[in-house]
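Below you'll find the structure, written out as C-alpha coordinates, and then a few comments.
Given the structure is predicted, the values throughout are model-derived calculations rather than measurements.
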Amino acid sequence: MDATADRDTSSPLSSDLPAMFRPPVNRAMRVLDRSFFKKTIPLSAATVFKASDISNVRKELLKSRDLLSLPRLSAIREVKQDDVVRKCLLLREGIKHDDAATWSPKISELVNTGVVGVRPYDLTLEYDYWNYADIIAAILPEDLLDEIPQGFTQVGHISHLNLRDQYLPYRFLIAEILKDKNPTIRTVIRKTEDVGSRSEFRTFPFELLAGDDDMNVVQHEQDCEFHFDFSRVYWNSRLETEHRRLVDKFRPGEMVCDVMAGVGPFAVPAGKKRIFVWANDLNPHGFEVMQDAVPRNRVQDFVTPFNQDGRKFIPWSAKALLDADPVTVTIHPKVRRSRRTANDQEQAPPPPPEVFHRPTIFDHYVMNLPGTAVEFLDAFSGVYAGHENLFAPYTSKALPMVHVYCFSGHSENELDDHIDICKRMSERLGYTITPEDRVGGSGKTELELAIHNVRLVSPNKQMFCASFRLPNEVAFRKS
(Lines give C-alpha, C1' and ligand atoms only; values in the text may rest on other atoms or scores of the structure.)
Protein backbone atom coordinates (compact mmCIF):
# COMPACT_ATOMS: atom_id res chain seq x y z
CA MET A 1 0.00 0.00 0.00
CA ASP A 2 1.48 3.34 -1.02
CA ALA A 3 1.67 6.36 1.24
CA THR A 4 -1.00 8.42 -0.45
CA ALA A 5 -3.58 10.85 0.78
CA ASP A 6 -6.40 8.76 -0.55
CA ARG A 7 -6.36 5.05 -1.31
CA ASP A 8 -8.83 3.62 -3.83
CA THR A 9 -11.05 0.85 -2.48
CA SER A 10 -12.73 -0.25 -5.67
CA SER A 11 -10.42 -3.12 -6.68
CA PRO A 12 -8.90 -6.01 -4.71
CA LEU A 13 -5.32 -5.67 -3.53
CA SER A 14 -3.09 -8.50 -4.72
CA SER A 15 0.55 -9.50 -4.51
CA ASP A 16 2.89 -8.76 -7.39
CA LEU A 17 5.18 -11.66 -6.44
CA PRO A 18 5.36 -15.25 -7.71
CA ALA A 19 4.18 -17.71 -5.05
CA MET A 20 7.66 -18.96 -4.07
CA PHE A 21 8.74 -15.41 -3.13
CA ARG A 22 5.73 -14.59 -0.94
CA PRO A 23 6.12 -14.51 2.85
CA PRO A 24 5.50 -17.49 5.17
CA VAL A 25 1.89 -17.86 6.28
CA ASN A 26 0.55 -17.68 9.85
CA ARG A 27 -3.21 -17.28 9.97
CA ALA A 28 -3.26 -17.69 13.75
CA MET A 29 -1.19 -14.54 14.34
CA ARG A 30 -2.98 -11.92 16.43
CA VAL A 31 -0.01 -9.83 17.57
CA LEU A 32 2.38 -8.77 14.84
CA ASP A 33 5.61 -10.80 14.99
CA ARG A 34 7.93 -9.29 12.42
CA SER A 35 10.64 -11.90 13.04
CA PHE A 36 8.30 -14.63 11.76
CA PHE A 37 8.47 -13.21 8.27
CA LYS A 38 11.81 -14.54 7.11
CA LYS A 39 12.30 -16.85 4.18
CA THR A 40 15.37 -18.30 2.48
CA ILE A 41 14.96 -19.24 -1.18
CA PRO A 42 17.58 -21.36 -2.99
CA LEU A 43 18.57 -19.76 -6.28
CA SER A 44 21.50 -19.65 -8.62
CA ALA A 45 23.78 -16.71 -9.37
CA ALA A 46 26.20 -15.81 -12.13
CA THR A 47 29.47 -14.73 -10.52
CA VAL A 48 31.28 -12.18 -12.67
CA PHE A 49 35.04 -12.70 -12.53
CA LYS A 50 36.02 -9.21 -13.66
CA ALA A 51 34.38 -6.20 -12.06
CA SER A 52 34.59 -4.32 -15.34
CA ASP A 53 32.30 -6.89 -16.98
CA ILE A 54 29.39 -6.52 -14.56
CA SER A 55 27.48 -3.91 -16.60
CA ASN A 56 27.75 -5.80 -19.91
CA VAL A 57 26.88 -9.14 -18.33
CA ARG A 58 23.83 -7.62 -16.68
CA LYS A 59 22.65 -6.22 -20.02
CA GLU A 60 23.17 -9.60 -21.74
CA LEU A 61 21.30 -11.56 -19.06
CA LEU A 62 18.53 -8.99 -18.96
CA LYS A 63 18.14 -9.29 -22.72
CA SER A 64 18.03 -13.11 -22.54
CA ARG A 65 15.56 -12.91 -19.65
CA ASP A 66 17.80 -14.88 -17.34
CA LEU A 67 17.99 -12.28 -14.56
CA LEU A 68 15.82 -12.61 -11.49
CA SER A 69 13.15 -9.93 -11.77
CA LEU A 70 11.43 -9.06 -8.51
CA PRO A 71 9.95 -5.69 -7.52
CA ARG A 72 11.96 -3.70 -4.97
CA LEU A 73 14.93 -6.09 -5.27
CA SER A 74 18.30 -5.59 -6.93
CA ALA A 75 19.66 -8.60 -8.82
CA ILE A 76 23.26 -7.49 -8.18
CA ARG A 77 24.83 -9.06 -5.07
CA GLU A 78 28.25 -9.61 -3.56
CA VAL A 79 29.71 -13.02 -2.76
CA LYS A 80 32.94 -13.98 -1.03
CA GLN A 81 34.92 -16.81 -2.58
CA ASP A 82 38.48 -17.75 -1.56
CA ASP A 83 38.70 -14.48 0.41
CA VAL A 84 37.87 -12.54 -2.76
CA VAL A 85 34.68 -10.47 -2.92
CA ARG A 86 33.05 -10.54 -6.33
CA LYS A 87 29.83 -9.27 -7.86
CA CYS A 88 27.19 -11.74 -8.90
CA LEU A 89 23.84 -11.54 -10.64
CA LEU A 90 20.84 -13.45 -9.32
CA LEU A 91 19.28 -15.72 -11.92
CA ARG A 92 15.60 -16.39 -12.35
CA GLU A 93 13.96 -19.28 -10.58
CA GLY A 94 14.27 -22.58 -12.46
CA ILE A 95 17.91 -22.12 -13.38
CA LYS A 96 20.00 -24.66 -11.45
CA HIS A 97 23.70 -24.13 -10.86
CA ASP A 98 24.42 -27.88 -11.13
CA ASP A 99 22.24 -28.64 -14.17
CA ALA A 100 23.46 -27.08 -17.40
CA ALA A 101 20.32 -28.34 -19.11
CA THR A 102 18.44 -25.52 -17.33
CA TRP A 103 20.82 -22.87 -18.64
CA SER A 104 20.00 -20.65 -21.58
CA PRO A 105 22.39 -20.43 -24.54
CA LYS A 106 23.54 -17.04 -23.24
CA ILE A 107 24.47 -18.42 -19.80
CA SER A 108 26.31 -21.32 -21.43
CA GLU A 109 28.20 -18.89 -23.67
CA LEU A 110 29.25 -16.69 -20.74
CA VAL A 111 30.40 -19.73 -18.75
CA ASN A 112 32.29 -21.29 -21.65
CA THR A 113 34.14 -18.05 -22.39
CA GLY A 114 35.16 -17.73 -18.73
CA VAL A 115 33.23 -14.51 -18.12
CA VAL A 116 31.00 -15.92 -15.35
CA GLY A 117 30.61 -18.94 -13.16
CA VAL A 118 27.26 -20.28 -12.02
CA ARG A 119 26.97 -21.02 -8.31
CA PRO A 120 24.25 -21.57 -5.70
CA TYR A 121 22.88 -18.55 -3.85
CA ASP A 122 20.51 -18.45 -0.89
CA LEU A 123 18.28 -15.37 -1.13
CA THR A 124 16.91 -14.32 2.27
CA LEU A 125 13.80 -12.15 2.35
CA GLU A 126 12.55 -10.55 5.58
CA TYR A 127 9.59 -8.52 6.82
CA ASP A 128 10.95 -5.21 5.51
CA TYR A 129 11.02 -6.50 1.94
CA TRP A 130 7.36 -7.43 1.59
CA ASN A 131 4.65 -4.85 1.04
CA TYR A 132 1.32 -4.43 2.81
CA ALA A 133 -0.57 -6.77 0.48
CA ASP A 134 2.00 -9.54 0.88
CA ILE A 135 2.05 -9.47 4.68
CA ILE A 136 -1.67 -9.02 5.25
CA ALA A 137 -2.46 -11.90 2.86
CA ALA A 138 -0.23 -14.16 4.96
CA ILE A 139 -2.14 -13.36 8.16
CA LEU A 140 -5.84 -12.99 7.42
CA PRO A 141 -8.10 -16.05 7.15
CA GLU A 142 -8.49 -17.29 3.60
CA ASP A 143 -12.19 -16.43 3.51
CA LEU A 144 -11.30 -12.74 4.09
CA LEU A 145 -8.73 -12.41 1.30
CA ASP A 146 -11.14 -11.47 -1.48
CA GLU A 147 -11.42 -7.90 -0.20
CA ILE A 148 -8.26 -7.14 1.72
CA PRO A 149 -8.74 -3.87 3.66
CA GLN A 150 -7.01 -1.12 1.75
CA GLY A 151 -9.12 2.05 2.03
CA PHE A 152 -7.63 4.88 4.05
CA THR A 153 -7.19 8.61 3.93
CA GLN A 154 -4.05 10.30 5.16
CA VAL A 155 -4.05 13.62 6.98
CA GLY A 156 -0.55 14.74 7.86
CA HIS A 157 1.05 11.79 9.66
CA ILE A 158 -2.33 10.20 10.48
CA SER A 159 -3.95 7.38 8.54
CA HIS A 160 -7.72 7.24 8.94
CA LEU A 161 -8.62 3.62 8.24
CA ASN A 162 -12.09 2.35 7.28
CA LEU A 163 -12.79 -1.30 8.17
CA ARG A 164 -15.79 -3.51 7.57
CA ASP A 165 -17.11 -5.45 10.54
CA GLN A 166 -15.52 -8.76 9.53
CA TYR A 167 -12.06 -7.22 9.74
CA LEU A 168 -12.45 -5.57 13.15
CA PRO A 169 -10.88 -8.51 15.08
CA TYR A 170 -7.71 -7.93 13.02
CA ARG A 171 -7.70 -4.13 13.21
CA PHE A 172 -4.58 -3.77 15.34
CA LEU A 173 -2.59 -6.12 13.10
CA ILE A 174 -3.79 -4.31 9.97
CA ALA A 175 -2.95 -0.92 11.47
CA GLU A 176 0.58 -1.95 12.51
CA ILE A 177 1.36 -3.32 9.06
CA LEU A 178 -0.13 -0.26 7.38
CA LYS A 179 2.07 2.01 9.50
CA ASP A 180 5.17 -0.07 8.84
CA LYS A 181 4.68 -0.04 5.09
CA ASN A 182 3.99 3.69 4.78
CA PRO A 183 6.95 5.72 6.07
CA THR A 184 4.98 8.99 6.26
CA ILE A 185 2.41 7.49 8.65
CA ARG A 186 3.02 7.62 12.42
CA THR A 187 -0.54 7.20 13.70
CA VAL A 188 -3.41 4.96 12.58
CA ILE A 189 -7.00 5.53 13.74
CA ARG A 190 -10.48 4.42 12.78
CA LYS A 191 -13.72 6.24 13.43
CA THR A 192 -16.10 4.41 15.76
CA GLU A 193 -19.19 6.46 14.86
CA ASP A 194 -20.34 8.51 11.88
CA VAL A 195 -18.95 11.98 11.25
CA GLY A 196 -20.94 14.54 13.20
CA SER A 197 -22.90 11.96 15.19
CA ARG A 198 -21.89 13.63 18.45
CA SER A 199 -20.67 17.03 17.34
CA GLU A 200 -22.08 19.81 15.18
CA PHE A 201 -18.47 20.49 14.17
CA ARG A 202 -18.33 17.28 12.06
CA THR A 203 -15.70 15.67 14.29
CA PHE A 204 -16.00 11.99 15.18
CA PRO A 205 -15.10 9.59 17.99
CA PHE A 206 -12.18 7.35 17.05
CA GLU A 207 -10.01 4.48 18.24
CA LEU A 208 -6.21 4.64 18.18
CA LEU A 209 -5.03 1.48 16.43
CA ALA A 210 -1.28 1.97 16.08
CA GLY A 211 1.51 4.48 16.56
CA ASP A 212 1.74 7.79 18.37
CA ASP A 213 -1.24 9.28 20.17
CA ASP A 214 -0.66 12.59 18.40
CA MET A 215 -3.50 14.25 16.53
CA ASN A 216 -1.70 17.53 15.72
CA VAL A 217 -0.97 17.42 12.02
CA VAL A 218 0.63 19.51 9.30
CA GLN A 219 -1.36 19.20 6.09
CA HIS A 220 -0.50 20.60 2.66
CA GLU A 221 -3.03 21.28 -0.08
CA GLN A 222 -2.90 23.53 -3.16
CA ASP A 223 0.50 24.88 -2.06
CA CYS A 224 -0.95 25.90 1.30
CA GLU A 225 -0.01 24.65 4.76
CA PHE A 226 -2.45 24.01 7.60
CA HIS A 227 -1.68 23.10 11.22
CA PHE A 228 -4.54 21.62 13.22
CA ASP A 229 -5.71 19.04 15.74
CA PHE A 230 -7.46 16.44 13.56
CA SER A 231 -9.66 15.37 16.48
CA ARG A 232 -11.16 18.88 16.79
CA VAL A 233 -11.91 19.89 13.17
CA TYR A 234 -13.26 18.39 9.97
CA TRP A 235 -10.82 17.56 7.18
CA ASN A 236 -11.23 15.15 4.30
CA SER A 237 -8.25 14.64 2.01
CA ARG A 238 -10.53 13.05 -0.60
CA LEU A 239 -11.97 16.50 -1.29
CA GLU A 240 -8.76 18.13 -2.55
CA THR A 241 -9.85 17.80 -6.19
CA GLU A 242 -13.19 19.42 -5.35
CA HIS A 243 -11.54 22.25 -3.42
CA ARG A 244 -9.36 22.94 -6.44
CA ARG A 245 -12.26 22.71 -8.90
CA LEU A 246 -14.31 25.34 -7.11
CA VAL A 247 -11.43 27.71 -6.36
CA ASP A 248 -10.57 27.62 -10.06
CA LYS A 249 -14.00 29.14 -10.76
CA PHE A 250 -13.12 32.30 -8.82
CA ARG A 251 -11.33 35.15 -10.51
CA PRO A 252 -8.67 37.42 -8.95
CA GLY A 253 -10.26 40.44 -7.33
CA GLU A 254 -13.63 38.74 -6.76
CA MET A 255 -15.27 38.57 -3.33
CA VAL A 256 -16.22 35.20 -1.82
CA CYS A 257 -18.27 34.44 1.29
CA ASP A 258 -17.26 31.03 2.66
CA VAL A 259 -20.10 30.36 5.08
CA MET A 260 -18.89 27.05 6.56
CA ALA A 261 -15.18 27.42 5.91
CA GLY A 262 -13.74 24.75 8.20
CA VAL A 263 -10.00 25.35 8.49
CA GLY A 264 -9.96 27.13 5.11
CA PRO A 265 -9.39 24.60 2.28
CA PHE A 266 -11.34 26.89 -0.08
CA ALA A 267 -10.53 30.25 1.49
CA VAL A 268 -6.74 30.08 1.89
CA PRO A 269 -5.96 28.78 -1.64
CA ALA A 270 -8.37 31.40 -3.00
CA GLY A 271 -6.49 34.08 -1.10
CA LYS A 272 -3.29 32.91 -2.77
CA LYS A 273 -5.00 33.61 -6.11
CA ARG A 274 -5.68 37.16 -4.89
CA ILE A 275 -9.36 36.55 -4.30
CA PHE A 276 -10.99 38.32 -1.36
CA VAL A 277 -12.65 35.92 1.08
CA TRP A 278 -14.65 36.32 4.25
CA ALA A 279 -14.27 32.88 5.77
CA ASN A 280 -16.56 31.85 8.60
CA ASP A 281 -16.84 28.76 10.75
CA LEU A 282 -18.82 27.99 13.89
CA ASN A 283 -16.10 25.74 15.33
CA PRO A 284 -13.83 27.86 17.58
CA HIS A 285 -10.85 25.60 16.87
CA GLY A 286 -11.47 25.83 13.13
CA PHE A 287 -11.51 29.60 13.50
CA GLU A 288 -8.20 29.47 15.39
CA VAL A 289 -6.68 27.30 12.66
CA MET A 290 -7.75 29.83 10.02
CA GLN A 291 -6.28 32.64 12.11
CA ASP A 292 -3.00 30.73 12.01
CA ALA A 293 -3.24 29.66 8.35
CA VAL A 294 -3.92 33.14 6.98
CA PRO A 295 -0.59 34.74 7.97
CA ARG A 296 1.25 31.42 7.61
CA ASN A 297 0.29 31.36 3.93
CA ARG A 298 0.64 35.15 3.51
CA VAL A 299 -2.95 35.79 2.48
CA GLN A 300 -3.87 38.26 5.25
CA ASP A 301 -4.54 41.00 2.68
CA PHE A 302 -7.26 38.89 1.09
CA VAL A 303 -8.70 36.46 3.66
CA THR A 304 -10.55 37.47 6.83
CA PRO A 305 -11.68 34.74 9.29
CA PHE A 306 -14.91 34.90 11.31
CA ASN A 307 -16.41 32.74 14.05
CA GLN A 308 -20.20 32.99 13.73
CA ASP A 309 -23.25 30.85 13.17
CA GLY A 310 -23.56 30.29 9.42
CA ARG A 311 -27.27 31.10 9.24
CA LYS A 312 -26.70 34.51 10.82
CA PHE A 313 -23.49 35.09 8.89
CA ILE A 314 -25.20 35.03 5.48
CA PRO A 315 -27.35 38.18 5.94
CA TRP A 316 -24.92 39.82 8.36
CA SER A 317 -21.95 39.54 6.01
CA ALA A 318 -23.87 40.99 3.04
CA LYS A 319 -24.80 44.08 5.06
CA ALA A 320 -21.40 44.35 6.76
CA LEU A 321 -19.58 44.24 3.44
CA LEU A 322 -21.77 46.99 2.02
CA ASP A 323 -21.07 49.15 5.08
CA ALA A 324 -17.34 48.35 5.39
CA ASP A 325 -14.61 50.85 4.59
CA PRO A 326 -13.00 50.43 1.18
CA VAL A 327 -10.01 48.08 0.98
CA THR A 328 -7.31 48.35 -1.66
CA VAL A 329 -4.48 45.87 -1.98
CA THR A 330 -1.45 46.76 -4.07
CA ILE A 331 0.88 43.96 -5.19
CA HIS A 332 4.26 45.16 -6.34
CA PRO A 333 6.02 42.85 -8.81
CA LYS A 334 9.18 41.16 -7.66
CA VAL A 335 12.16 42.75 -9.38
CA ARG A 336 15.44 40.90 -9.60
CA ARG A 337 18.29 43.20 -8.78
CA SER A 338 21.43 42.68 -10.85
CA ARG A 339 24.79 44.39 -10.96
CA ARG A 340 25.24 46.77 -13.85
CA THR A 341 28.44 47.65 -15.67
CA ALA A 342 29.18 50.71 -17.72
CA ASN A 343 28.47 48.80 -20.92
CA ASP A 344 25.09 47.47 -19.76
CA GLN A 345 22.05 48.73 -21.53
CA GLU A 346 19.40 50.53 -19.55
CA GLN A 347 17.13 47.97 -17.90
CA ALA A 348 13.46 47.94 -18.86
CA PRO A 349 11.22 49.55 -16.24
CA PRO A 350 9.45 47.07 -13.93
CA PRO A 351 5.83 46.23 -14.71
CA PRO A 352 3.25 48.34 -12.88
CA PRO A 353 1.87 47.04 -9.57
CA GLU A 354 -1.39 45.10 -9.50
CA VAL A 355 -4.14 46.94 -7.65
CA PHE A 356 -7.16 45.10 -6.24
CA HIS A 357 -10.16 46.93 -4.82
CA ARG A 358 -12.28 44.76 -2.56
CA PRO A 359 -15.85 44.55 -3.92
CA THR A 360 -18.71 45.66 -1.74
CA ILE A 361 -20.91 42.78 -2.94
CA PHE A 362 -20.15 39.07 -2.84
CA ASP A 363 -19.57 37.33 -6.14
CA HIS A 364 -19.85 33.83 -4.65
CA TYR A 365 -21.21 32.09 -1.57
CA VAL A 366 -19.69 28.71 -0.63
CA MET A 367 -21.71 26.45 1.67
CA ASN A 368 -19.66 23.33 2.38
CA LEU A 369 -21.74 21.53 4.99
CA PRO A 370 -23.27 18.78 2.86
CA GLY A 371 -25.34 17.25 5.65
CA THR A 372 -27.37 20.42 6.33
CA ALA A 373 -26.23 23.32 4.09
CA VAL A 374 -29.43 23.19 1.99
CA GLU A 375 -31.38 24.04 5.15
CA PHE A 376 -29.50 27.36 5.39
CA LEU A 377 -30.72 28.61 2.00
CA ASP A 378 -33.69 30.44 3.51
CA ALA A 379 -31.16 32.85 5.05
CA PHE A 380 -30.77 34.40 1.57
CA SER A 381 -34.36 35.67 1.62
CA GLY A 382 -34.17 39.46 1.27
CA VAL A 383 -30.40 39.47 1.66
CA TYR A 384 -30.13 42.47 -0.73
CA ALA A 385 -33.63 43.89 -0.28
CA GLY A 386 -33.56 47.66 -0.72
CA HIS A 387 -30.36 47.50 -2.76
CA GLU A 388 -31.84 46.58 -6.11
CA ASN A 389 -30.16 49.60 -7.68
CA LEU A 390 -26.73 48.00 -7.13
CA PHE A 391 -27.47 45.18 -9.55
CA ALA A 392 -28.49 44.61 -13.15
CA PRO A 393 -30.27 46.13 -14.95
CA TYR A 394 -29.26 49.29 -13.04
CA THR A 395 -25.57 48.31 -13.09
CA SER A 396 -23.47 45.59 -14.69
CA LYS A 397 -23.26 43.71 -11.38
CA ALA A 398 -24.93 40.28 -11.24
CA LEU A 399 -26.29 38.71 -8.09
CA PRO A 400 -23.87 36.22 -6.48
CA MET A 401 -23.48 32.57 -7.38
CA VAL A 402 -24.32 30.16 -4.56
CA HIS A 403 -22.40 26.87 -4.32
CA VAL A 404 -24.18 24.57 -1.88
CA TYR A 405 -22.93 21.09 -1.03
CA CYS A 406 -25.43 18.35 -0.26
CA PHE A 407 -25.99 14.61 -0.14
CA SER A 408 -28.50 12.68 -2.18
CA GLY A 409 -29.05 9.06 -3.10
CA HIS A 410 -26.97 7.15 -5.60
CA SER A 411 -29.69 6.52 -8.17
CA GLU A 412 -29.27 4.54 -11.37
CA ASN A 413 -30.52 7.64 -13.18
CA GLU A 414 -28.62 10.65 -11.83
CA LEU A 415 -31.47 12.92 -12.96
CA ASP A 416 -33.50 11.52 -10.07
CA ASP A 417 -30.87 12.82 -7.65
CA HIS A 418 -30.85 16.21 -9.39
CA ILE A 419 -34.63 16.43 -9.08
CA ASP A 420 -34.36 15.60 -5.38
CA ILE A 421 -31.71 18.29 -4.82
CA CYS A 422 -33.68 20.95 -6.71
CA LYS A 423 -36.84 20.14 -4.78
CA ARG A 424 -35.09 20.51 -1.43
CA MET A 425 -33.41 23.77 -2.48
CA SER A 426 -36.71 25.15 -3.76
CA GLU A 427 -38.46 24.44 -0.47
CA ARG A 428 -35.84 26.38 1.50
CA LEU A 429 -35.55 29.27 -0.97
CA GLY A 430 -39.30 29.65 -1.48
CA TYR A 431 -38.53 29.70 -5.20
CA THR A 432 -38.81 26.86 -7.69
CA ILE A 433 -35.60 25.53 -9.23
CA THR A 434 -35.64 22.52 -11.58
CA PRO A 435 -32.93 20.59 -13.42
CA GLU A 436 -34.08 22.32 -16.63
CA ASP A 437 -32.71 25.61 -15.27
CA ARG A 438 -29.20 24.42 -16.06
CA VAL A 439 -27.07 26.14 -18.67
CA GLY A 440 -28.36 24.98 -22.05
CA GLY A 441 -31.62 23.69 -20.55
CA SER A 442 -35.18 24.67 -21.39
CA GLY A 443 -35.94 26.45 -18.10
CA LYS A 444 -34.72 29.63 -16.38
CA THR A 445 -31.20 29.54 -17.77
CA GLU A 446 -30.42 32.88 -16.14
CA LEU A 447 -30.00 30.85 -12.92
CA GLU A 448 -26.93 29.17 -14.50
CA LEU A 449 -27.71 26.00 -12.57
CA ALA A 450 -25.04 23.30 -12.49
CA ILE A 451 -25.08 20.19 -10.31
CA HIS A 452 -21.66 18.59 -10.00
CA ASN A 453 -21.15 15.03 -8.82
CA VAL A 454 -18.38 15.30 -6.19
CA ARG A 455 -17.90 11.76 -4.87
CA LEU A 456 -19.61 8.56 -3.82
CA VAL A 457 -19.68 8.53 -0.02
CA SER A 458 -21.29 5.09 0.36
CA PRO A 459 -23.23 2.74 -1.94
CA ASN A 460 -26.43 4.74 -1.37
CA LYS A 461 -25.04 8.19 -0.66
CA GLN A 462 -23.62 10.64 -3.17
CA MET A 463 -22.12 14.09 -2.53
CA PHE A 464 -23.04 16.89 -4.94
CA CYS A 465 -22.30 20.58 -5.37
CA ALA A 466 -25.27 22.56 -6.69
CA SER A 467 -24.35 25.98 -8.10
CA PHE A 468 -26.89 28.62 -9.10
CA ARG A 469 -27.18 32.37 -9.37
CA LEU A 470 -29.27 33.83 -6.56
CA PRO A 471 -32.70 34.71 -8.04
CA ASN A 472 -33.97 38.33 -7.88
CA GLU A 473 -37.17 37.03 -6.26
CA VAL A 474 -35.13 35.66 -3.31
CA ALA A 475 -32.43 38.32 -2.95
CA PHE A 476 -34.85 41.29 -3.05
CA ARG A 477 -37.75 39.69 -1.17
CA LYS A 478 -39.45 42.04 1.26
CA SER A 479 -40.02 40.62 4.72
Calculate, to the nearest 0.5 Å, the distance between atoms CG and CD1 belonging to Leu145 and Ile136 respectively.
9.5 Å
Between Pro24 and Trp130 the two heavy atoms that sit nearest each other are CD-CH2, 4.1 Å
Ring-face cation of Lys181 near Tyr132 (centre distance under 6.0 Å, axis angle within 45°)
no
So CG of Leu90 and CD1 of Ile76: to nearest 0.5 Å the spacing works out to 9.5 Å
Hey, mind stepping through Ile189 and Leu208 against side-chain contact (heavy atoms from CB on, under 4.5 Å) and telling me if it holds?
CA-CA 5 Å; Ile189 65 170; Leu208 176 66; 4.2 Å; yes
What's the shortest heavy-atom distance between Ile95 and Trp103, and which atoms?
CG2-CD1, 3.9 Å
More than 12 heavy atoms of other residues, nucleotides or ligands under 6.0 Å from NZ of Lys249: yes or no?
no
Under the side chain to side chain donor-acceptor pair (under 3.5 Å) test, residues paired with Arg190 that sit two or more places apart:
Glu207
Among residues at least two apart in sequence or on other chains, which ones pass side chain to side chain contact (heavy atoms under 4.5 Å, CB included) with Arg455?
Asn236, Arg238, Leu239, Val457, Met463
Only pairs under 3.5 Å count here: list side-chain donor-acceptor contacts from residues 121-129, not counting sequence neighbours, and write none if there are none.
| unit_1 | atom_1 | unit_2 | atom_2 | d |
| --- | --- | --- | --- | --- |
| Thr124 | OG1 | Thr40 | OG1 | 3.3 |
| Tyr127 | OH | Asp180 | OD2 | 2.5 |
| Tyr129 | OH | Pro71 | O | 2.7 |

Main-chain N/O of Arg65 paired with Arg92 side-chain donor or acceptor, under 3.5 Å
yes
Should the heavy atoms of other residues, nucleotides or ligands under 6.0 Å from CG of Asp223 be counted, would the total exceed 12?
no
Steps toward side-chain contact (heavy atoms from CB on, under 4.5 Å) verdict (Leu168, Asp165):
CA-CA 5 Å; Leu168 291 181; Asp165 290 346; 3.9 Å; yes
Residue list, side chain to side chain contact (heavy atoms under 4.5 Å, CB included) with Val31, at least two apart or on another chain:
none
Under 3.5 Å, is there a donor-acceptor pair between the side chain of Ser159 and the main chain of Gln154?
no
Given the side-chain rings of Phe230 and Trp235, with only the six-membered ring counted for Trp, is the space between their centroids under 6.0 Å?
no
Crowding at NZ, Lys96 (>12 non-hydrogen neighbours, <6.0 Å)
no
To the nearest 0.5 Å, what is the distance between CG on Leu43 and CD on Glu93?
7.5 Å
Sequence-distant partners of Phe287, ring pair (Phe, Tyr, Trp, His ring centres under 6.0 Å), two or more places apart:
none
Ion pair Arg164/Glu147, N-O distance below 4.0 Å
yes
For Arg358, give me all partners under salt bridge (charged side-chain N to carboxylate O under 4.0 Å, His left out), at least two apart in sequence or on another chain.
none
Establish, from distance only, whether the side-chain atoms of Asn413 and Ser411 form a donor-acceptor pair under 3.5 Å.
no
Will you find, in the side chains of Thr184 and Asn182, an N or O donor that is under 3.5 Å from an N or O acceptor?
no
Any donor-acceptor pair under 3.5 Å from Arg232 side chain to Asp229 backbone
no
Tell me the closest heavy-atom pair linking Val303 and Gly271, and the distance in Å.
CG2-CA, 3.7 Å
Keeping Lys59 on the side-chain end and Ile54 on the backbone end, is there a donor-acceptor pair under 3.5 Å?
no
Greater than 12 external heavy atoms within 6.0 Å of Arg119's CZ
yes
Ser35 and Asp33: side-chain donor and acceptor closer than 3.5 Å?
yes
Could you check whether Gln462 and Asp417, counting side-chain N and O atoms only, form a donor-acceptor pair closer than 3.5 Å?
no
Using modelled atom types only, decide if a donor and an acceptor are shared between the side chain of Lys272 and the backbone of Cys224 within a distance under 3.5 Å.
no
Nearest heavy-atom pair of His410 and Leu456: which atoms, and what distance?
CG-CD1, 3.5 Å
Non-neighbouring partners of His157 that pass side chain to side chain contact (heavy atoms under 4.5 Å, CB included), sequence neighbours left out:
Arg186, Thr187, Asp214, Val217
Side chain to side chain, Val118 and Val111, heavy atoms closer than 4.5 Å
yes
Can you tell me if Arg27 has over 12 outside heavy atoms packed within less than 6.0 Å of its CZ?
yes
In a check of ring-ring contact (aromatic ring centres under 6.0 Å, His included) between Trp278 and each of Tyr365, Phe306, Phe302, which one passes?
Phe306
With the threshold set at 4.0 Å, does a side-chain nitrogen-carboxylate oxygen contact exist between Asp66 and Lys106?
no
Set out, in order, the CA-CA distance, both residues' side-chain angles and the distance that settles salt bridge (charged side-chain N to carboxylate O under 4.0 Å, His left out) for Asp134 and Arg72, then state yes or no.
CA-CA 13 Å; Asp134 298 324; Arg72 309 177 300 279; 3.5 Å; yes
List in chain and number order the residues that pass side chain to side chain donor-acceptor pair (under 3.5 Å) with Arg245, two or more places apart in sequence or in another chain; answer none if no residue qualifies.
Glu242, His452
Main-chain N/O of Val299 paired with Asn297 side-chain donor or acceptor, under 3.5 Å
no
Hey, mind stepping through Met401 and Phe362 against side-chain contact (heavy atoms from CB on, under 4.5 Å) and telling me if it holds?
CA-CA 9 Å; Met401 290 292 296; Phe362 290 111; over 6 Å; no
Can any side-chain N or O of Asn307 pair as donor or acceptor with the backbone N or O of Asp281 at less than 3.5 Å?
yes
If you take all heavy atoms of His403 and Leu246, which pair is closest and at what distance?
ND1-CD1, 3.6 Å
For Glu78, the side chain to side chain donor-acceptor pair (under 3.5 Å) test, sequence neighbours excluded, returns Lys87
For a quick test of reading the model, state the closest non-hydrogen atom pair linking Ile185 to Lys179 and the distance between them.
O-CG, 3.5 Å
Excluding sequence neighbours, so at least two apart, what forms side chain to side chain contact (heavy atoms under 4.5 Å, CB included) with Asp53?
Val48, Lys50, Val57, Val115
Restricting to pairs with a member in residues 237-262, which pass ring pair (Phe, Tyr, Trp, His ring centres under 6.0 Å), not counting sequence neighbours?
His243-Phe266, Phe250-His364
State plainly whether the residues Arg251 and Glu254 are in salt-bridge range, i.e. N to O under 4.0 Å.
no
For Glu448 and Phe468, run side-chain contact (heavy atoms from CB on, under 4.5 Å): C-alpha distance rounded to whole Å, both residues' side-chain angles, the deciding distance at 0.1 Å, then the answer.
CA-CA 5 Å; Glu448 302 176 42; Phe468 62 91; over 6 Å; no
With rounding to the nearest 0.5 Å, note down the distance linking CG in Asn280 to OG1 in Thr304.
11.5 Å
Quick one: salt bridge (charged side-chain N to carboxylate O under 4.0 Å, His left out) pairs with a partner in residues 283-301, sequence neighbours left out?
Glu225-Arg296, Asp292-Arg296
Spell out, as yes or no, whether a donor-acceptor pair under 3.5 Å connects the side chain of Tyr234 to the backbone of Leu369.
no
